[in-house]
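For reference, the structure discussed in these notes is given below.
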Amino acid sequence: MITQRLGASSLVGSRLAYGCWRLAGSEGEVAPPDVKTTGVRAVLAAVDAGYTLFDLADIYGGGESERIFGEALAQVPGLRARLTVASKCGIRKSGDPSPDSPYRYDFSADYIVSSVEGSLKRMGIEHLDLLMLHRPDVLMDPHEVAGAFVRLRDAGKVREFGVSNFRPSQVTALQSALPLPLAVHQVEISLHHRSALKNGVLDQCLSANLTPMAWSPLDKGRLGHGDAAPDGHPDAEVRLRLRQSLDAVSASVGISRAALAIAWLLKIPGVVPVIGSTQPDRIRDLARAASVSLDRDTWYRLLETARGARLP
Ligand SMILES: NC(=O)c1ccc[n+]([C@@H]2O[C@H](COP(=O)([O-])OP(=O)(O)OC[C@H]3O[C@@H](n4cnc5c(N)ncnc54)[C@H](OP(=O)(O)O)[C@@H]3O)[C@@H](O)[C@H]2O)c1
């Protein structure tokens, strides 16, 4: 798979990232008994398909996704050195650390540092290539975050830094206190979720040289399989038409509907879709999107269908 540099950083990753959120089972669903085996198999399938950028978070599967990823790394000698490993911190679930602790965000320096140490331990690795702040903490002190980043970088625990789900003004506020450039901004983008195209996030990625990473690029799978919206849902008709348009184009381009939805994202300058399937055949299928270049007319036709209206 072709690769690209992440922002102005020293990091290079595959054009598509592999997301490890679902390795320990999808949220709200009971994990199958063989979840570890299927998780390791998914990671190794992604490696074989050419993905070199892996996206994790301390909270995925309550830490289990990082453990499973670490198990995959341990199975292949030399694999760690070939991959760009990203994780996130800053979300604290209720009950952490005391039973009455609320669900919250925590960008205090000590918490950021201890979260990274936990991630490294679970994965059995010496450093993260990239650390992202998962969701903006309203109580963020940019100077305190800068102190944590410098501690982590100087200790050799994290090479580069990024953010996720920030508003552009929050990125600017944080960046102004940092002695190093942020490398990525990870936000939700798909044919269904297009707010980053309009809210300034992608504009800022261009102007500040941040690589945009697109999470849930298939709208949590709805663009891949049938039930995009239940009958009677206000979006049901638009979503049905979108699936039909994708199917018509995918037949002519020679890739699956889901891979076409990924190719649509890849046409947006710099965007790195984060693939979330745990099934090896889908992981391979979606990788084919990286070798397809949609023409402008097709891209805009799909946008128009997704909007349900012509552009102004
Ligand atoms: N920064 C953030 O706040 C944030 C939030 C959410 C996610 N993320 C990152 O983004 C990654 C991707 O998110 P996501 O898992 O929601 O992505 P997604 O690609 O939109 O959805 C993947 C889900 O769709 C299912 N699916 C159904 N049909 C599919 C098809 N034809 N092709 C592929 N998948 C299909 C998959 O099931 P199977 O496994 O059975 O294929 C899987 O459950 C995560 O792993 C995580 O790394 C980040």
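Whatever order the structure lists ligands and atoms in, that order sets their numbers, starting from 1. Everything numeric in this text was worked out from a predicted model, so none of it was measured.
Between the side chain of R243 and the backbone N or O of L246 there is no donor-acceptor pair closer than 3.5 Å. Looking only at distances, no side-chain donor or acceptor of Y51 sits under 3.5 Å from a matching main-chain atom of R284. Judged by distance alone, the side chain of S98 and the main-chain N or O of D100 form no donor-acceptor pair under 3.5 Å.
For atom 27 (C) of ligand 1, the closest non-hydrogen atom on the protein side is H225 CD2, 3.1 Å. Nearest protein heavy-atom neighbour of atom 33 (C) of ligand 1: L218 CD1, 3.3 Å. Considering only non-hydrogen protein atoms, atom 44 (C) of ligand 1 sits nearest to W21 CB, 3.4 Å. Of the protein's heavy atoms, R22 NE, 3.6 Å lies nearest to atom 22 (C) of ligand 1. Of the protein's heavy atoms, D55 OD2, 2.6 Å lies nearest to atom 47 (O) of ligand 1. Nearest protein neighbour of atom 35 (C) of ligand 1, counting heavy atoms only, is R282 NH1, 3.7 Å. What sits closest to atom 12 (C) of ligand 1 on the protein, heavy atoms only, is V274 O, 3.1 Å. Nearest protein heavy-atom contact of atom 6 (C) of ligand 1 is W215 CE3, 3.1 Å.
Note on E237 versus R241: salt bridge recorded, some NZ/NE/NH1/NH2 to OD/OE distance being below 4.0 Å. No salt bridge links R301 with D295; every basic N to acidic carboxylate O contact stays at or beyond 4.0 Å. With respect to the salt-bridge test (charged N to carboxylate O, under 4.0 angstrom), the residues K93 and D58 do not qualify. Taking a cutoff of 4.0 Å between a charged side-chain nitrogen and a carboxylate oxygen, D137 and R104 do not qualify as a salt bridge. Salt-bridge formation is detected for the pair K36/E64: a Lys NZ or Arg NE/NH1/NH2 atom is positioned less than 4.0 Å from an Asp or Glu carboxylate oxygen.
Per-residue contacts place G19 under 4.0 angstrom from the following atoms of ligand 1 (heavy atoms of the residue considered): 45 (O), 47 (O). Near S277, meaning under 4.0 Å from one of its heavy atoms, ligand 1 places the atoms 33 (C), 34 (N), 38 (P), 39 (O), 41 (O). Applying the 4.0 Å criterion to heavy atoms of C20 picks out, from ligand 1, the atoms 45 (O), 47 (O). Against a heavy-atom cut-off of under 4.0 Å, Q186 is close to the following atoms of ligand 1: 1 (N), 2 (C), 4 (C), 8 (N), 9 (C), 48 (C). In the vicinity of A258, heavy-atom distances shorter than 4.0 Å reach the ligand 1 atoms 31 (N), 32 (N). Using a 4.0 Å cut-off to heavy atoms of D219, the atoms of ligand 1 that qualify are 20 (O). Atom numbering of ligand 1 starts at 1 in the shown order; those under 4.0 Å from a heavy atom of T278 are 38 (P), 39 (O), 41 (O). Listed by atom number, the atoms of ligand 1 under 4.0 Å from Y60 heavy atoms are 4 (C), 8 (N), 9 (C), 46 (C), 47 (O), 48 (C).
In this structure, D203 has no salt bridge (Lys or Arg N to Asp or Glu O under 4.0 Å) partners at least two apart in sequence or on a different chain. The side-chain hydrogen bond (donor to acceptor under 3.5 Å, both in side chains) check on S114 picks up nothing, with sequence neighbours excluded.
Taking the side chain as every heavy atom from C-beta outward, M140 and Y105 never approach each other to under 4.5 Å.
Considering backbone and side-chain atoms together, L286 places no N or O closer than 3.5 Å to any N or O of ligand 1. Residue G221 has at least one N or O atom closer than 3.5 Å to an N or O atom of ligand 1. Note: no N/O pair closer than 3.5 Å links K88 and ligand 1 by distance alone.
The nearest non-hydrogen atom to atom 20 (O) of ligand 1, considering only K220, H134, H193, comes from K220. Across the listed options A214, A261, S216, S216 owns the non-hydrogen atom lying nearest to atom 13 (O) of ligand 1.
Under the 4.5 Å side-chain heavy-atom criterion for ILVMFWY residues, a single connected hydrophobic cluster contains both I125 and F54. Note on F161: it clusters hydrophobically with L128, by side-chain heavy-atom contacts below 4.5 Å among ILVMFWY residues.
The closest approach between Y18 and ligand 1 stays at or above 4.0 Å for every heavy atom of the residue.
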